[in-house]
Asker: 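Please find one structure pasted underneath; my questions will follow.
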Amino acid sequence: MSSLVEYSAGHGVEAYSAVGNEELSLLAEKHSDALAIITIGGDGTILRAMHTAAKFGIPVLGINMGRVGFYSEIGTEGFPEALKRLKEGSYFTEYRSMLQGTVNGEHIGDCLNDYSVHRQELSSIVQLDLSVDEDDVGNLMADGLVIATPSGSTAYTISAGGPVVAPRLDCILVTPICPHSLTVRPIAAAADSVIKVRLKSVCRISEDGQNTRILYPGDELKISRSRYTAGFIRFEKRNVFKLLREKLL
């Protein structure tokens, strides 16, 4: 990371390094007019950085050093050319919707991919009542539930049997994980819908695989569109279906 900072400085670009969410948040607040936040790592690194970047309206450029790198735009060898194009303004910003969640009315965070509800014990199942825009979907007994954005359709949701959503289609996906009933199927709800989950068993919830917390019977989880939008620095138009073929072999 330090070598990229030095390279940037040597080419007339002011750059800073940050390790961890807290340090990144402090830097983003101080430099909220920054051109981009550049991440070095895999998709998990980008997801963590986006939680901060979106709040300050700063787009993210991902440098892939992970296994999949679905969100990344370049590898480490592409940094010199990427820096040149950033300076020239030869790029565009791709925007993606995000979700926000509350538990019993308390805001718990925002995510780019998904909120996932899991069983707490290996021998137990998740039991919950599910509704979309106050319309009762029914009682769900399953290993869990994933509530995702179109971006998240190619993450946990696809593994749970949900659809791949074209990037231009804005919606919220609700996908049961190994349901114990054939009557509750994956749902594609409108982008401005409110998904309500009332827990009937002890379970765990996480946002983009992070910040796991325990929920208890009677707790109410609400998921809706976030006020924040994720921005990605792009140099070329992306074909999500081609990426799936290349990345998720």
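Positions are given from 1, in the same order as the sequence printed here. What's counted below: heavy atoms across the whole structure, side chains too, no hydrogens, waters or symmetry copies.
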Asker: Is the shortest side-chain heavy-atom distance between Y7 and L83 below 4.5 Å?
Answerer: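 In short, these two side chains touch, coming nearer than 4.5 Å.
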Asker: Stepwise, does the side chain to side chain contact (heavy atoms under 4.5 Å, CB included) test hold for K222 with I195?
Answerer: CA-CA 6 Å; K222 284 186 180 180; I195 313 301; over 6 Å; no
Asker: Kindly say whether L128 contributes a backbone atom to a donor-acceptor pair with the side chain of N139 at under 3.5 angstrom?
Answerer: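 Side chain of N139 to backbone of L128, a donor-acceptor pair under 3.5 Å: yes, one is there.
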Asker: Between the side chain of D133 and the main-chain N/O of D135, is any donor-acceptor distance below 3.5 Å?
Answerer: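 Looks like no, no N/O pair under 3.5 Å.
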Asker: Is any side-chain heavy atom of S224 less than 4.5 Å from a side-chain heavy atom of Q100?
Answerer: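 S224 vs Q100: side chains touch.
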Asker: So does V132 get a backbone contact from the side chain of S193, meaning a donor-acceptor N/O pair under 3.5 Å?
Answerer: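 Side chain of S193 to backbone of V132, a donor-acceptor pair under 3.5 Å: no, none is there.
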Asker: State plainly whether one hydrophobic cluster holds both I205 and I147, where clusters connect Ile, Leu, Val, Met, Phe, Trp and Tyr through side-chain heavy atoms under 4.5 angstrom apart.
Answerer: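 Per the 4.5 Å side-chain linkage, I205 and I147 are co-clustered.
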Asker: Within the distance-only criterion (no hydrogens, no angle test), does the side chain of S25 pair as donor or acceptor with the backbone N or O of T52 below 3.5 angstrom?
Answerer: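 Not a single qualifying donor-acceptor pair exists.
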Asker: So if I apply the salt bridge (Lys or Arg N to Asp or Glu O under 4.0 Å) rule between E73 and each of R85, K237, R234, which one comes out positive?
Answerer: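 Only match with E73 under salt bridge (Lys or Arg N to Asp or Glu O under 4.0 Å): R234.
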Asker: Let me check something: do V137 and V117 share a hydrophobic cluster, defined by ILVMFWY side-chain heavy atoms less than 4.5 Å apart, either directly or through other members?
Answerer: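 Both belong to a single hydrophobic cluster.
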Asker: According to a hydrophobic-cluster definition based on side-chain heavy atoms being under 4.5 Å apart (Ile, Leu, Val, Met, Phe, Trp, Tyr only), do L221 and L140 belong together?
Answerer: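 Looking at the clustering, L140 is in the same group as L221.
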Asker: Is there a side-chain contact between Q210 and L47 in this structure, where contact means two heavy atoms from C-beta onward sitting under 4.5 Å apart?
Answerer: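 Yes; the side chains approach each other to less than 4.5 Å.
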Asker: Any donor-acceptor pair under 3.5 Å linking the side chain of D208 with the backbone of D114?
Answerer: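 Yes, D208 side chain to D114 backbone: donor-acceptor pair under 3.5 Å.
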Asker: With heavy-atom distances below 4.5 Å as the criterion, would you say the side chains of T45 and I40 are in contact?
Answerer: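 With C-beta onward as the side chain, the pair stays apart.
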Asker: Assess whether atom OH of Y95 is packed by more than 12 heavy atoms of other residues, nucleotides or ligands within 6.0 Å.
Answerer: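 No, not enclosed.
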Asker: Determine whether L145 and L130 satisfy the following criterion, side chain to side chain contact (heavy atoms under 4.5 Å, CB included), listing intermediate values before the conclusion.
Answerer: CA-CA 10 Å; L145 182 72; L130 176 66; 4.2 Å; yes
Asker: Ignoring hydrogens and geometry, is there a side-chain-to-backbone donor-acceptor pair from S72 to I74 under 3.5 Å?
Answerer: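 Answer holds: no.
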Asker: Just say parallel, tilted or perpendicular for the rings of Y16 and H31, cut-offs at 30° and 60°.
Answerer: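 Ring orientation, 0 to 90° scale: parallel.
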Asker: Report the C-alpha separation of D129 and K196 in whole Å, then their side-chain angles, then the decisive distance to 0.1 Å, and conclude whether the salt bridge (Lys or Arg N to Asp or Glu O under 4.0 Å) test is met.
Answerer: CA-CA 8 Å; D129 290 325; K196 184 185 296 183; over 6 Å; no
Asker: Does N104 reach the main-chain N or O of E220 with its side chain, forming a donor-acceptor pair under 3.5 Å?
Answerer: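 Yes; at least one donor-acceptor contact below 3.5 Å.
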Asker: Can you tell me if S153 uses its side chain to pair, donor with acceptor, with the backbone of P150 under 3.5 Å?
Answerer: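 Judged by distance alone, yes, a pair lies under 3.5 Å.
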Asker: Working to the nearest 0.5 angstrom, can you tell me the gap between Y228 OH and H51 NE2?
Answerer: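 These two atoms lie 12.0 Å from each other.
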Asker: Under the criterion salt bridge (Lys or Arg N to Asp or Glu O under 4.0 Å), I'd like the reasoning laid out for R96 against E94: C-alpha separation, chi angles, the key distance, then a yes or no.
Answerer: CA-CA 7 Å; R96 296 290 188 94; E94 177 186 40; 3.3 Å; yes
Asker: Set out, in order, the CA-CA distance, both residues' side-chain angles and the distance that settles side-chain hydrogen bond (donor to acceptor under 3.5 Å, both in side chains) for S131 and D136, then state yes or no.
Answerer: CA-CA 4 Å; S131 69; D136 179 43; over 6 Å; no
Asker: Can you confirm whether E14 is buried at CD, in the sense that more than 12 heavy atoms of other residues, nucleotides or ligands lie under 6.0 Å from that atom?
Answerer: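 Open: at most 12 neighbouring heavy atoms sit under 6.0 Å from CD of E14.
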Asker: Please name the pair of heavy atoms, one in I58 and one in S32, separated by the smallest distance, quoted to 0.1 Å.
Answerer: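 Result for this residue pair: CG1-O, 3.9 Å.
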Asker: Does the side chain of F235 reach to within under 4.5 Å of the side chain of E81, using non-hydrogen atoms?
Answerer: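 Heavy-atom side-chain distance check fails, nothing below 4.5 Å.
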Asker: Answer whether the closest heavy-atom distance between the side chains of V194 and I223 falls below 4.5 Å.
Answerer: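 Counting from C-beta outward, V194 and I223 never come under 4.5 Å.
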Asker: Is atom CD of E29 surrounded by more than 12 heavy atoms (other residues, nucleotides or ligands) closer than 6.0 Å?
Answerer: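 Counting neighbours around CD of E29, 12 or fewer heavy atoms of other residues, nucleotides or ligands fall under 6.0 Å, so no.
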Asker: Mind listing the closest non-hydrogen atom pair of R225 and A191 along with its distance?
Answerer: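 In this case the closest contact between R225 and A191 is NH2-CB, 3.1 Å.
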Asker: Kindly indicate whether the side chain of V165, heavy atoms from C-beta on, has any atom under 4.5 Å from the side chain of C171.
Answerer: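 Yes, side chains in contact.
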Asker: Identify the two heavy atoms, one from F79 and one from L4, that lie closest to each other, and give their separation to 0.1 Å.
Answerer: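 Residues F79 and L4, closest heavy atoms: CD2-CD2, 3.6 Å.
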Asker: Are Y156 and I158 grouped together when hydrophobic residues (ILVMFWY) are joined by side-chain heavy atoms under 4.5 angstrom apart?
Answerer: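 Result: no, two separate clusters.
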Asker: When you measure from the side chain of R119 to the backbone N and O of G144, does any donor-acceptor pair fall under 3.5 Å?
Answerer: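 Answer holds: no.
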Asker: Mind listing the closest non-hydrogen atom pair of A82 and L61 along with its distance?
Answerer: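 Closest pair (atom of A82, atom of L61, distance): CB-CD2, 4.3 Å.
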Asker: Are the side chain of Y216 and the backbone N or O of S201 linked by a donor-acceptor pair below 3.5 Å?
Answerer: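 Not a single qualifying donor-acceptor pair exists.
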Asker: I'd like to know whether V202 forms a side chain to side chain contact (heavy atoms under 4.5 Å, CB included) with I214, so could you lay out the CA-CA distance, the side-chain angles of the two residues, the decisive distance to 0.1 Å, and finally the verdict.
Answerer: CA-CA 7 Å; V202 180; I214 306 297; 3.8 Å; yes
Asker: Please determine which of T39, N113, T154 meets the side chain to side chain donor-acceptor pair (under 3.5 Å) test together with Y71.
Answerer: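 When side chain to side chain donor-acceptor pair (under 3.5 Å) is applied between Y71 and each of T39, N113, T154, only N113 qualifies.
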Asker: Write down the atom of S97, the atom of L112, and the distance for their closest heavy-atom approach.
Answerer: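 Nearest heavy atoms, S97 then L112: O-CD1, 3.9 Å.
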Asker: If we only count heavy atoms from C-beta on, is the S206 to R204 side-chain gap below 4.5 Å?
Answerer: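 When only atoms from C-beta onward are counted, R204 and S206 do not touch, as no gap falls below 4.5 Å.
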Asker: For M50 and G231, work out which heavy atoms get closest and say how close.
Answerer: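 For M50 and G231, the tightest heavy-atom pair comes out as CE-O, 3.4 Å.
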Asker: State plainly whether one hydrophobic cluster holds both I37 and F56, where clusters connect Ile, Leu, Val, Met, Phe, Trp and Tyr through side-chain heavy atoms under 4.5 angstrom apart.
Answerer: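 Cluster IDs for I37 and F56 match.
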Asker: For L86 and I233, what are the C-alpha separation, side-chain angles and deciding distance, and is it a side chain to side chain contact (heavy atoms under 4.5 Å, CB included)?
Answerer: CA-CA 9 Å; L86 283 174; I233 296 289; 4.0 Å; yes
